Number of protein chains: 2
Amino acid sequence: MPKINPAPKRRSGCPLNASIEILGDRWSLLIVRDMMLRNFHSYKQFLESHERIATNILADRLRDLEKHGIITPQRDPEDGRKVIYRLTAKGIDLAPVMAEMVLWSASHEDVGNQELVRQIRADKTKFVAGVRQRWAAQQTKSSTNGNSK
Amino acid sequence: MPKINPAPKRRSGCPLNASIEILGDRWSLLIVRDMMLRNFHSYKQFLESHERIATNILADRLRDLEKHGIITPQRDPEDGRKVIYRLTAKGIDLAPVMAEMVLWSASHEDVGNQELVRQIRADKTKFVAGVRQRWAAQQTKSSTNGNSK
DNA sequence: CAGGATCCGTTTCGATACTG
DNA sequence: CAGTATCGAAACGGATCCTG
């Protein structure tokens with residue numbers, strides 16, 4: 001990563017100053033959406049999905065997300081050649097943001113998966129809790145035999 | 001915008017498909033933040049603020065936001081040469097998204113304006129209601145014409 | 001085959017200069 | 001003050017190549 005990021009501005013005078021690099025990036029947001037809402041975990045899934053991200057861009061964003069502590073890569077314990085990307089706790093904390101984004105999006109333009117939208121609209125807290133639960137379940141599942149982290 | 005947007009993919013199989021153009025753009029997000037949280041309304045204010053947006057980019061994003069129906073420009077009734085940018089109803093509906101973004105941002109890195117963060121954290125609904133109220137007040141103020149001046 | 005890295009033409013960005 | 005014009009730099013995207 002040759003990017004020097006010359007930002008010497010300690011201007012944390014406003015909200016969103018640092019986070020904007022993730023929240024304000026199209027691909028990062030879509031990757032997080034796919035992990036959170038569609039339970040995607042692999043490079044290949046991200047590639048085949050959504051708006052046709054290019055391989056180099058995908059690799060780049062996965063690195064960015066990791067660098068920001070939002071996802072973490074790990075070997076698939078059942079298939080050594082596969083890498084499984086997981087949301088971190090910080091990443092899963094994006095669930096409320098994602099929920100509001102989906103709601104806003106759904107109420108102002110046509111989107112698919114109305115089922116999901118209904119669900120979030122009916123009970124936002126429950127939706128976030130559900131996301132967390134599925135996430136926690138997968139965490140334990142993958143650490144049962146190996147005890148990672 | 002000469003972009004033809006060749007997306008023939010009626011793939012609205014996922015949430016956020018269209019909205020990602022605004023939600024996934026750094027500058028658009030910052031402009032909305034400044035309008036919503038700091039009560040900014042003019043080109044000049046946006047320029048002087050935050051991460052030093054370039055003049056052409058600012059003009060471009062203001063156009064995008066208008067095209068997406070999130071802001072609307074209007075003449076300042078008290079000063080004809082000034083343009084005042086206002087959030088539309090759709091724009092103000094972004095308040096919950098913004099609130100969650102600020103909360104996420106604040107709980108994972110240093111941000112300024114802890115006062116605002118406390119306020120949102122204490123009562124999110126109240127915060128959103130407050131944003132809406134200030135907005136509605138300014139709407140009526142600028143449309144009642146007569147009494148100002 | 002999964003997960004990239006590299007090359008390369010195109011698009012967008014961003015800083016600055018300029019204009020109504 | 002509110003933008004537009006310009007131009008080099010960076011990012012994107014697609015295709016292909018590499019590695020385990």
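We name chains A, B, ... by the order of the sequence lines, and we start the count at 1 in each one. Here the structure is a predicted model, which is why all the values come from computation and not from measurement.
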Next on the checklist: Is there a salt bridge (Lys or Arg N to Asp or Glu O under 4.0 Å) between K90(B) and D93(B)? Walk through the geometry before answering.
Outcome noted: CA-CA 5 Å; K90(B) 180 175 176 181; D93(B) 282 351; over 6 Å; no
Item to check | Listed partners of W135(A) passing ring pair (Phe, Tyr, Trp, His ring centres under 6.0 Å), at least two apart | outcome: none
Using whole Å, what does the distance between atom [atom2] of nucleotide [N] and atom [atom1] of [X] come to?
| X | N | atom1 | atom2 | answer |
| --- | --- | --- | --- | --- |
| D60(A) | dA5(C) | CG | C1' | 12 Å |
| I20(B) | dC12(D) | CD1 | C1' | 16 Å |
| Q45(A) | dC1(C) | CD | C1' | 15 Å |
| L47(B) | dA15(C) | CG | P | 12 Å |
| Q74(B) | dA2(D) | CD | P | 14 Å |
| L58(A) | dA2(C) | CG | C1' | 12 Å |
| D25(B) | dT12(C) | CG | P | 12 Å |
| E66(B) | dG3(D) | CD | C1' | 14 Å |

Checklist entry - Who are the salt bridge (Lys or Arg N to Asp or Glu O under 4.0 Å) partners of E78(A), not counting sequence neighbours? => result none
Checklist entry - Hey, is the side chain of K44(B) poking within less than 4.0 Å of OP1 or OP2 on dA2(D), counting only N and O atoms? => result no
Checklist entry - With respect to the phosphate group of dC12(D), does any side-chain polar atom (N or O) of R61(A) fall under 4.0 Å of OP1 or OP2? => result yes
Item to check | salt bridge (Lys or Arg N to Asp or Glu O under 4.0 Å) between E115(B) and R118(B), intermediate numbers included | outcome: CA-CA 5 Å; E115(B) 172 58 24; R118(B) 275 197 319 96; 2.7 Å; yes
Item to check | Closest non-hydrogen atom pair, L116(B) against P15(A) | outcome: CD2-CG, 3.9 Å
Checklist entry - If only atom types and distance count, is the side chain of T88(A) paired as donor or acceptor with the main-chain N or O of I70(A) below 3.5 Å? => result yes
Checklist entry - Would you say the side-chain atoms of R86(A) pair up with the backbone N or O of Q74(A), donor to acceptor, closer than 3.5 Å? => result no
Checklist outcome for this item: Whether each nucleotide of nucleotides 13-20 of chain D has a protein heavy atom under 4.0 Å at its base (B), only at its sugar-phosphate (S) or at neither (-) is summarised, 5' to 3', as BBB-----
Checklist entry - So what does Y85(B) touch, heavy atoms closer than 4.0 Å: a base, only the sugar-phosphate, or nothing? => result sugar-phosphate
Checklist entry - NA contact type, R63(B), heavy-atom cut-off 4.0 Å: base, sugar-phosphate, or nothing? => result sugar-phosphate
